[in-house]
Protein chains: 2
Amino acid sequence: MAWSIAQVARSSGVTSRTLRHYHSIGLLMPARVAPNGRRYYEQEQLLRLQQILLLRDLGLSLDVVGEVIAHRDEQDAIEVLAKHKEWLVKEQLRLGRLVQTVDATIDNLKRGGEMSPDKVFEGFERNPYEAEARERWGDEAVDASYQRMRGWTEADAEKARTGYPRVHEGLAALKAEGVAVTELSVQELIQLHHEVTCLFWTPTREAYKGLGQMYVDDERFRQNIGSGDDALVEYMRDAMTVYADSKLES
Amino acid sequence: MAWSIAQVARSSGVTSRTLRHYHSIGLLMPARVAPNGRRYYEQEQLLRLQQILLLRDLGLSLDVVGEVIAHRDEQDAIEVLAKHKEWLVKEQLRLGRLVQTVDATIDNLKRGGEMSPDKVFEGFERNPYEAEARERWGDEAVDASYQRMRGWTEADAEKARTGYPRVHEGLAALKAEGVAVTELSVQELIQLHHEVTCLFWTPTREAYKGLGQMYVDDERFRQNIGSGDDALVEYMRDAMTVYADSKLES
DNA sequence: GCTTGAAGTTGACGTAGCGGCAACATCTAC
DNA sequence: GTAGATGTTGCCGCTACGTCAACTTCAAGC
């Protein structure tokens, strides 16, 4: 006895549209299509439909469902399911991480709110060196730096404001004591300098050494860093060179 | 300074296609569109893009992202995120259940089980004859019958409830009048009987004749149909035989 | 026999978020 | 002047159907 599409639909809990769809993609062909176009199904198609729905409800795509059912190989099916399970687990973990991130974002919003742009750029927008920086490194680099600044937390911003002066003062003290630039205490300060620099851009080894040299070459940097003590700036350059060669990737 | 679409794309880690898409759906309008059609972005758009990507990467839809950013209300954003987190957790739990189901299915397959679950029919109302029906005709036939019942319309159910009694009463009356089993009035009643039977299963010619014989052989059917009048049951069997031979396919 | 309602059919569009063409315009560099 | 990079606007494709629209066909009642 032949079943109409609506009977199959009701008995299997799907819509007739779904059955038509399965027909159109060749996943479940009716047993017979009458000359008037109506679809009729038999026992065999109902069984196949049950298998299709079972696999579909496991989250497999219809493509995969079709393949699994077509192959009729049990070992194959197990493999597909095992792979699918792996994917499910991965996806589950991803969602778990997302939940944590969302939580963190909510926390961040509740405490002091999101970094508003005004706050981030406070104290930097009128940077007297910006015009020259654009000239020297190009607009893209400068703007990229600004973009990076938007990712700052409050702590980052604090670090950016106070980091460089602390490095300069610390270096001056160590140099006065005659500490070699290869010493750990000096290198730790340079590391701080590097970290602060990385808040703006990420220098490669050569770029970082070039930055040290620029401090020496440019009178304004020399003045800003050494406050008259040109030897201090050279000391810093040497320390940066040591640091770059030992810690940075080319 | 104006950024070209490719520059923005590179600095933000998205494709230019994505930026065009965001433009087309109004999520991120360029600062300026030159007469030649080229898009140019400014600092402001970059900031907005960062916010968009942040929210997008939390799994929010672009629609929602647009709303959150447009409203600029912190409390609103927190609410949306909290709701979104709930959804994420739910989805995560769903995946967890799926993993379990997949696992169970794999187990089932390994232990020689099939993918066609008789489980589907679990929880269905059992009638007192079911156990015997399974014994007599096998699980497959009974399950198929149950599935067929799920496809019933209201009219079908009504027919199933009232059909058999109407047949029995009608036959009793005709037999009392001495009408031959080959007469149209009798055959019309048998046709009704056949239709009702087809609501449960589809008998072939021989199966239908066997069914009539079973009514005679089985005491319970005899009692149910004839209410003591065994001759009525035999009358019905004969009528069914005539019907089967004239109307049913072997 | 005629009307009506239920059930069927074939398109076609919509979904979310772009990817990936094609066909064409424009800019930049040598 | 020509090539090559970079840009533009479409349009199709992807999942698994839902949801019309416009017809046709079937079963039942008068």
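Lettering of chains follows the sequences in order, A, B, ..., and the numbering in each one begins at 1.
Looking only at side-chain heavy atoms (C-beta outward), A/Met29 and A/Tyr22 stay at 4.5 Å or farther from each other. Side chains of A/Ser4 and A/Arg38 form no contact here, defined as non-hydrogen atoms less than 4.5 Å apart. Residues A/Leu28 and A/Tyr41 have side chains in contact (heavy-atom distance under 4.5 Å, counting atoms from C-beta outward).
At a threshold of 4.0 angstrom between heavy atoms, the contacts of B/Ile25 with the nucleic acid are absent. Contact annotation for B/Ser4: backbone-only contact, meaning every heavy-atom pair under 4.0 Å involves sugar-phosphate atoms and none involves a base. Residue contacts for B/Arg20: at a heavy-atom cut-off of 4.0 Å it reaches a base atom on one of the strands shown.
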Heavy-atom protein contacts under 4.0 Å, nucleotides 16-30 of chain D, coded B base, S sugar-phosphate only, - none: BBBB-----BS----
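Using a 4.0 Å cut-off between charged nitrogen and carboxylate oxygen, B/Arg94 and B/Glu91 count as a salt-bridge pair. Comment: B/Glu206 engages B/Lys209 in a salt bridge, judged by a side-chain N to carboxylate O separation of less than 4.0 angstrom.
For an aromatic pair to be called close, the ring centres must be under 6.0 Å apart, and B/Tyr208 with B/His193 satisfies this.
Put simply, the side chain of B/Glu183 never gets that close to the backbone of B/Ala180: no donor and acceptor are under 3.5 Å apart. Between the A/Gln51 side chain and the A/Arg48 main chain, no donor and acceptor come within less than 3.5 Å of each other.
First and last contacting nucleotides of DNA chain C toward chain A (any atom under 4.0 angstrom from a heavy atom, 5' to 3' order): C/dA7 to C/dA12.
Axis angle across the helix from C/dG1-D/dC30 to C/dC30-D/dG1, with five pairs used at each end and values rounded to 10°: 30°.
Tested against A/Ile52, the residues A/Leu60, A/Asp57, A/Thr18, A/Ile69 include a single side chain to side chain contact (heavy atoms under 4.5 Å, CB included) partner, A/Ile69.
Heavy atoms from other residues, nucleotides or ligands lying under 6.0 Å from CD of B/Gln100 number 12 at most.
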